[in-house]
Amino acid sequence: MKMMKSSKQYVRLEKSFYEQNTITVAQRLLGCILIHKVPEGLISGMIVETEAYMGVDDKAAHSYQGKHTPRMDPLYKRGGYAYIYQLHGYNYCLNVVTEKENQPRAVLIRALEPIQGLELMARRRNIKLTADDMKTADKISKKLKNMTNGPSKLCQALGIDTSLNGVDLLGNELYIITGEDLNDRMMATPRINISYAEEYQYEPWRFIIKGNSFLSRLYKIESK
DNA sequence: CCAACGATGGGT
DNA sequence: CCCATCGTTGGA
């Protein structure tokens, strides 16, 4: 786990960040820290895997060809809102809305490296952490990795569900701050589980921090 | 009204 | 590979 260095300035991401091109946002979110403020305290993690969904032009996007249903309203707002939807009855996915109003593009947050609120995460994920699991000097335990290494796992760990759909990331409940500059470790790959998207399934719009231990399970091979 | 479906995760 | 499980969606 990365420890917060007190010497470093952590700055909240603002409107101008989210209003950039979606690919740029997806790349620059790597290394940033997602924070959910809950009554018990802060739960946070460093973003290590993202995917860009390019809106009306992208066959993998919910908003392909301008599709717009009530639950997608946040997607059509200006950059900086959360778009959260439920999947298969019991999973949630968190997206960061990008670009200008009526440009329905977003970045899916696919994996985090835990930072704060380990006990709260473990409770929400039904994972029992032992003292050994907390020793991170050499090897990171399997249970620790399993906390936030997938888009729905991280939502469960941070307590994110559709009650937060449409929340403004410029507010104080759910927000993102600058973290480490890890762009030299960035790698692009095709996106996951979108075979229905025909030729768009091959677009290299997934971004990872190469070698990070918390990438989603299908692509551990990339941690070399 | 109602049936089909899914930007997942877990197990085989 | 298979499939659980339920809110959203869109077509009767």
Side-chain angles (χ1 to χ4, degrees), chain A residues 18 22-23 25-27 29-30 34 45 47-77 79 81-99 103-112 114 121-128 141-167 169 174 188-208 213-222:
Chain A
Y18 297 110
T22 304
I23 300 287
V25 175
Q27 294 172 337
L29 277 174
L30 294 178
L34 172 68
I47 297 168
V48 300
E49 177 176 340
T50 62
E51 282 179 356
Y53 284 86
M54 300 301 281
V56 297
D57 305 315
D58 178 3
K59 287 183 179 174
H62 291 171
S63 51
Y64 177 55
Q65 289 184 327
K67 183 177 173 186
H68 187 169
T69 64
R71 79 164 178 181
M72 290 160 56
D73 279 348
L75 254 186
Y76 283 79
K77 296 187 181 182
Y81 285 94
Y83 169 50
I84 299 161
Y85 60 90
Q86 187 176 16
L87 190 58
H88 291 92
Y90 41 76
N91 295 128
Y92 300 97
C93 289
L94 167 66
N95 294 259
V96 168
V97 177
T98 57
E99 306 198 31
Q103 178 69 285
R105 296 179 172 177
V107 174
L108 173 66
I109 308 299
R110 284 195 57 90
L112 299 178
M121 289 188 192
R123 200 181 310 160
R124 294 180 191 279
R125 293 275 300 129
N126 285 315
I127 292 171
K128 299 258 184 283
S141 84
K142 207 169 179 177
K143 278 192 279 185
L144 199 51
K145 292 182 185 185
N146 191 37
M147 205 85 81
T148 51
N149 62 345
S152 295
K153 291 178 184 180
L154 72 89
C155 283
Q156 187 182 21
L158 270 66
I160 294 169
D161 61 29
T162 46
S163 68
L164 291 170
N165 188 28
V167 156
L169 299 173
L174 185 67
T189 83
R191 295 171 291 178
I192 307 293
N193 287 346
I194 52 158
S195 52
Y196 59 86
E198 300 174 30
E199 73 273 24
Y200 281 84
Q201 69 184 294
Y202 306 112
E203 294 288 352
W205 291 341
R206 171 173 175 261
F207 303 96
I208 63 174
S213 299
F214 294 86
L215 302 180
S216 59
R217 62 174 177 157
L218 290 175
Y219 283 80
K220 278 177 183 160
I221 192 165
E222 291 162 359

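Each chain gets a letter, A, B and so on, in the order its sequence line appears, and its residues count up from 1. Given the structure is predicted, the values throughout are model-derived calculations rather than measurements.
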Whole-Å distance separating the CD1 atom of A:I127 from the C1' atom of B:dG10 = 13 Å

From A:L174 atom CG to A:I160 atom CD1, the distance as rounded to the nearest 0.5 Å = 5.0 Å

query = Is a side-chain donor or acceptor of A:S141 paired with a backbone partner of A:L144 at a separation under 3.5 angstrom?
reply = yes

query = Separation of A:E49 atom CD from B:dA7 atom P, in whole Å?
reply = 16 Å

query = So which of A:R105, A:E99, A:Q103, A:Q27 actually passes side-chain hydrogen bond (donor to acceptor under 3.5 Å, both in side chains) with A:T22?
reply = A:E99

task = Using the criterion of both pairing distances under 3.5 Å for Watson-Crick and G-U wobble pairs, give all stems of 3 or more consecutive pairs involving DNA chain C.
result = B:1-6 with C:6-11, B:8-11 with C:1-4

remark   = Residues at least two apart in sequence or cross-chain that pass ring pair (Phe, Tyr, Trp, His ring centres under 6.0 Å) with A:Y18, listed by chain then number, are none

note = A:H68 meets the ring pair (Phe, Tyr, Trp, His ring centres under 6.0 Å) criterion, sequence neighbours left out, with A:Y76

message = Run the side chain to side chain contact (heavy atoms under 4.5 Å, CB included) test against A:R124 and tell me which residues pass, sequence neighbours left out.
response = A:V38, A:E40, A:I43

inquiry  = Test of understanding: with side chain to side chain contact (heavy atoms under 4.5 Å, CB included), list the residues that count as partners of A:A26, not counting sequence neighbours.
reply    = A:T50, A:A52, A:V107, A:F207

inquiry  = Does A:K59 reach a base, just sugar-phosphate, or nothing at all? Heavy atoms under 4.0 Å.
reply    = nothing

Side-chain N,O (A:R110) to OP1/OP2 (B:dT8) below 4.0 Å = yes

request  = Whole angstrom is fine here: how far is it from NZ in A:K143 over to P in B:dG10?
outcome  = 15 Å

message = Let's see if you get this right: which residues in residues 152-161 of chain A place a heavy atom under 4.0 Å from DNA chain B?
response = A:S152, A:K153

key: Any donor-acceptor N/O pair, A:K143 side chain to A:I127 backbone, under 3.5 Å   = no

Atom pairs under 3.5 Å, N or O on each side, protein against nucleotides 4-6 of chain B: can you list them with distances?
unit_1, atom_1, unit_2, atom_2, d
B:dG6, N2, A:H88, N, 3.3

ask   = Which part of the nucleic acid, if any, lies within contact of A:I194, taking any heavy atom under 4.0 Å across all strands shown: a base, the sugar-phosphate backbone alone, or nothing?
value = sugar-phosphate

message = With a strict under 4.0 Å distance from non-hydrogen atoms of chain A, what nucleotide opens and what nucleotide closes the contacted stretch of DNA chain C, reading 5' to 3'?
response = C:dA4 to C:dG10

query = Should A:N193 be listed as having a side-chain N or O under 4.0 Å from OP1 or OP2 of B:dT8?
reply = yes

key: Of A:Y90 and A:T162, the one whose closest DNA chain C nucleotide lies more 5'   = A:Y90

request  = Report the distance from atom CZ of A:F207 to atom C1' of B:dA7, rounded to the nearest whole Å.
outcome  = 15 Å

A:D58: partners by side chain to side chain contact (heavy atoms under 4.5 Å, CB included), with sequence neighbours left out = A:Y53, A:M54, A:A60, A:A61, A:R191, A:Y200, A:W205

query = Are A:Y85 and A:Y83 close enough that their ring centres sit under 6.0 Å apart?
reply = yes

query = Can you list every salt bridge (charged side-chain N to carboxylate O under 4.0 Å, His left out) pair that touches residues 67-76 of chain A, not counting sequence neighbours?
reply = none

Distance in Å, A:R110 CZ paired with A:L94 CG, rounded so as to fall on 0.5 Å steps = 12.5 Å

Atom-pair distance (CZ on A:R125; P on B:dG9), nearest Å = 8 Å

By ring pair (Phe, Tyr, Trp, His ring centres under 6.0 Å) - contacts of A:Y92 (at least two apart) = none

message = Whole angstroms only, please: what is the NZ-P distance between A:K142 and B:dG11?
response = 10 Å

task = Sequence neighbours left out, what passes side chain to side chain contact (heavy atoms under 4.5 Å, CB included) with A:Q201? Give chain and number order.
result = A:I194, A:S195

request  = In whole angstrom, give me the gap between the C1' atoms of C:dC3 and B:dA4.
outcome  = 16 Å

